[in-house]
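Quick note: residue numbers are just sequence positions, from 1.
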Amino acid sequence: MAELLPISSPLAAERQLDVVFVHGLGGDPIETWRSGTDENTSWPHWLALVFGTQIGVWSLGYAAAPSKWQGIPFFRGKDPDAGAAMSLPRRAENALDRLVSAGIGQRPVCFITHSLGGLLVKSILRRSADSEFAPERLQVVEQCRGVLFLATPHHGSRLADLANALKVYLPSVSTLDLKDNDDHLMDLYEWYRGYAPSHHILTRSYYENEKTMMKIVVPRSSADPGVSGPSAREPTPVDRDHLEISKPRNRQDQAYIGSTQLIRLILSGEAPKSGPGQPVPNLPSNPPVQAPQPAATNQVTVRGNRNITMTGVSAGGNLSVGNSIQGDYVAGDKFSGDKVMGDKFTGNKIINTLAPPSTGRATNPGTSPLKPGPWRVFLSHTSELRQYPQAGSYIAKAERAVSAAGHAIADMADFAAIDQAPAAVCEQRVRDCDVLVGIYGLRYGSPVRDQPEVSYTELEFITATEAAMPRLIFVINADSEELGLPPTALVDRDYGDRQDAFIQRVKDAYLTLQFFRNPDDLKGLVERSLRELAESAAATA
């Protein structure tokens, strides 16, 4: 019997997207997606933390035993579904009913699938598309925005042929469904390759580049779903075998990064709409920028090298677009009207938009009001703090602290390469968060490729400061004997002077710095600081 497990708990009513994981042959709704034994190694839980209330994460479980042997009482143990399986069409009917019962299809949905799970999702979508007289079933395919396939044998797998030849193996019906070029699979292949691009379902696929001990492998030719056009990408090989490909070891894993990129594209509203001419419901959209409207009140004039008047500021009116303000600029206030596009402000700051400009450079602008949690917490750090100590790195401990405090983690390591300037990407990732946690060691870090005068870490701090974002800063105690860092990480021969100057600028910002001696010390400091910040935000709300 199919079961649908909510990974995001509690599920946010205002979520914009449901993400459903679907395991493969002999899989499990929890263990298939874990590289270890707990939630900290679970791909679905990572997504739930990173995207917070924006998405709901689910995992579909169903009986798909590879062999009938597992159903013999002597072998199956206490699992009543051991050895059980259904043909693909029947399982799709069963699973579609379970999805509809849980409300899947009431908002946009994205599927992440492994092996047989990819065939099952295609079959579910096919049955949904054929349900023109059952609106609650039809909306599952109409709301489908994306599918990510992992090692899915779209043309069938040699595993079934091998099992068929070895009669003693007693292959189950689920295994036989994977027979190479099975008529049902080929019909499903042709349907999806035509339906997905015409209805703008974003399609991504990854396939294994290594064999398992049983020499099981889904080759590129079979892993290709056949979809072409702007909504699809070529299948990507991954240095994992058929079983490991669904168990990312860390957040640098190629398939995991691909899933976050796919979800962000869907949430951005920039993905093609579902169905010809149909609007995408429940997704955020950018309102068209309007020309400034005259107003009798609430006008603010900023004088620098150019003069510009912004009207309707406190009332949520329109702001000017494309102007450059070289002198004083506005900071620390929220504007609820149209956004300023393409401007970079430098110079002095006006802390209160209805007050006259200040005369000196403000070194520590006031922070914007912090919404009640949970928050997206940006972890700013250099790479060696994620690598060491190997038994439990500084950043791994910090991530646990953020999770324990009830917040979602954001880190530049989570973001795939995209066709934008690195500095702009870095700045936008920080601005998308609520709190910056700066964890600074002895190294300055890599200079930004298109802005080499600063490192990524320093640019993240500058961006958070300009955004008036709360910044919690933790600095390594260089005199500690418990650092657990190799000698190469203790001395920065290339940018040591820059790092010293950067730490001094952080101190000059009148922030409270906390010093840590080891990873566990850092974990305690981060968790306590986040909880204290939450208490402060609640008290002032």
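- The closest donor-acceptor contact from the side chain of Ser198 to the backbone of Gly194 lies under 3.5 Å.
- With respect to Asp432 and Arg376, no salt bridge is recorded, no charged nitrogen being found less than 4.0 Å from a carboxylate O.
- At a threshold of 4.5 Å between non-hydrogen side-chain atoms, the residues Gln54 and Leu267 count as touching.
- Note that CG of Leu60 is 8.5 Å distant from CZ of Arg98, once rounded to the nearest 0.5 Å.
- Looking only at side-chain heavy atoms (C-beta outward), Arg264 and Val50 come within less than 4.5 Å of each other.
- With hydrogens and angles left out, the side-chain atoms of His242 and Ser115 include a donor and acceptor closer than 3.5 Å.
- Distance OH/Tyr206 to CG/Asp253: 9.0 Å, rounded to 0.5 Å.
- Ser393 contributes no side-chain N or O that, together with a main-chain N or O of Gln390, makes up a donor-acceptor pair within less than 3.5 Å.
- Under the 4.5 Å side-chain criterion, counting only non-hydrogen atoms from C-beta, Asn40 is not in contact with Glu399.
- Under the 6.0 Å cut-off for aromatic ring centres, Phe149 and His154 qualify, their centroids lying closer than that.
- Atom NE2 of His200 sits about 10.5 Å away from atom CZ of Arg145, to the nearest 0.5 Å.
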- Evaluate the criterion side-chain contact (heavy atoms from CB on, under 4.5 Å) for residue pair Val218 and Glu208; output intermediate values, then yes/no. CA-CA 7 Å; Val218 175; Glu208 66 265 35; 3.6 Å; yes
- Item | Pair Val430-Met469, side-chain contact (heavy atoms from CB on, under 4.5 Å): steps then yes or no | CA-CA 9 Å; Val430 174; Met469 181 184 299; 4.1 Å; yes
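- Arg15 contributes a side-chain N or O that, together with a main-chain N or O of Ala12, makes up a donor-acceptor pair within less than 3.5 Å.
- Below 30°, between 30° and 60°, or above 60°: for Tyr62 and His23 the angle between ring planes is below 30°, a parallel geometry.
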- Determine, step by step, whether Trp58 and Ser8 satisfy the side chain to side chain donor-acceptor pair (under 3.5 Å) criterion, reporting the C-alpha distance in whole Å, the side-chain angles of both residues, the deciding distance to 0.1 Å, and the verdict. CA-CA 7 Å; Trp58 309 75; Ser8 298; over 6 Å; no
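- Between Thr203 and Tyr192, the side chains place a donor N or O and an acceptor N or O closer than 3.5 Å (distance only, hydrogens not considered).
- Within the model, atoms CD of Glu39 and OG of Ser403 stand 9.5 Å from one another, a figure rounded to the nearest 0.5 Å.
- Taking a cutoff of 4.0 Å between a charged side-chain nitrogen and a carboxylate oxygen, Glu427 and Arg431 do not qualify as a salt bridge.
- At distances below 3.5 Å, at least one donor-acceptor pair connects side-chain atoms of Ser128 with backbone N or O atoms of Val141.
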- Task: For the pair Val20 and Val22, evaluate side-chain contact (heavy atoms from CB on, under 4.5 Å) and give the outcome as yes or no after the intermediate values.
- Result: CA-CA 6 Å; Val20 181; Val22 185; 4.1 Å; yes
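- In this structure a side-chain-to-backbone donor-acceptor pair under 3.5 Å is missing from Ser222 to Pro219.
- With salt bridges taken as basic N to acidic carboxylate O contacts below 4.0 Å, one links Arg249 and Glu244.
- Residues Ser131 and Arg127 have side chains that never bring a donor and an acceptor to within less than 3.5 angstrom of each other.
- Side-chain contact between Ser42 and Ile30: absent, with no pair of heavy atoms (C-beta onward) separated by less than 4.5 Å.
- The CG atom of Leu47 sits 9.0 Å away from atom SG of Cys110, with the distance rounded to the nearest 0.5 Å.
- Under the 3.5 Å distance criterion, the side-chain polar atoms of Lys247 are left unmatched by any main-chain donor or acceptor of Gly36.
- Ring centroids of Trp46 and Tyr256 are separated by less than 6.0 Å, placing the two rings close together.
- Between Glu93 and Asp97, every side-chain heavy-atom pair lies at or beyond the 4.5 Å cut-off.
- One N or O on the side chain of Arg91 and one on the backbone of Ala63 form a donor-acceptor pair closer than 3.5 Å.
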- Item | Leu148 and Thr113: CA distance, side-chain angles, deciding distance, side-chain contact (heavy atoms from CB on, under 4.5 Å) verdict | CA-CA 6 Å; Leu148 186 148; Thr113 73; over 6 Å; no
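- At most 12 heavy atoms of other shown residues, nucleotides or ligands fall within 6.0 angstrom of atom CZ in Arg90.
- Here Arg126 pairs with Asp187 in a salt bridge; the nearest charged N to carboxylate O distance falls below 4.0 Å.
- Taking each heavy atom of Ser259 and Ile112 in turn, the nearest pair found is CB-CD1, 3.9 Å.
- Closest heavy-atom contact between Gly146 and Ile266: N-CD1, 4.2 Å.
- Counting heavy atoms from C-beta on, the side chains of Ser205 and Thr236 never come closer than 4.5 Å.
- Considering every non-hydrogen atom in both Gln254 and Val238, the closest pair reads OE1-CG2, 4.4 Å.
- In terms of heavy atoms, Ala196 sits closest to Val227 at CB-CG2, 4.1 Å.
- Side-chain contact between Leu188 and Leu88 is present, with at least one heavy-atom pair separated by less than 4.5 Å.
- Using modelled atom types, no side-chain atom of Arg240 and backbone atom of Asn209 make a donor-acceptor pair closer than 3.5 Å.
- Nearest heavy atoms, Ala95 versus Ile124: CB-CD1, 3.7 Å.
- Here the CD atom belonging to Glu234 is positioned 11.5 Å from the CZ atom belonging to Arg204, to the nearest 0.5 angstrom.
- Two residues are said to be in side-chain contact when any heavy atoms from C-beta on lie closer than 4.5 Å; Thr463 and Cys426 fail this criterion.
- Of all non-hydrogen atoms in Trp375 and Asp434, the two that sit nearest each other are CA-OD2, 3.4 Å.
- Side-chain atoms of Gln139 and Arg137 form no donor-acceptor pair, as typed in the model, at a separation below 3.5 Å.
- No side-chain donor-acceptor contact under 3.5 Å links Asp18 to the backbone of Val109.
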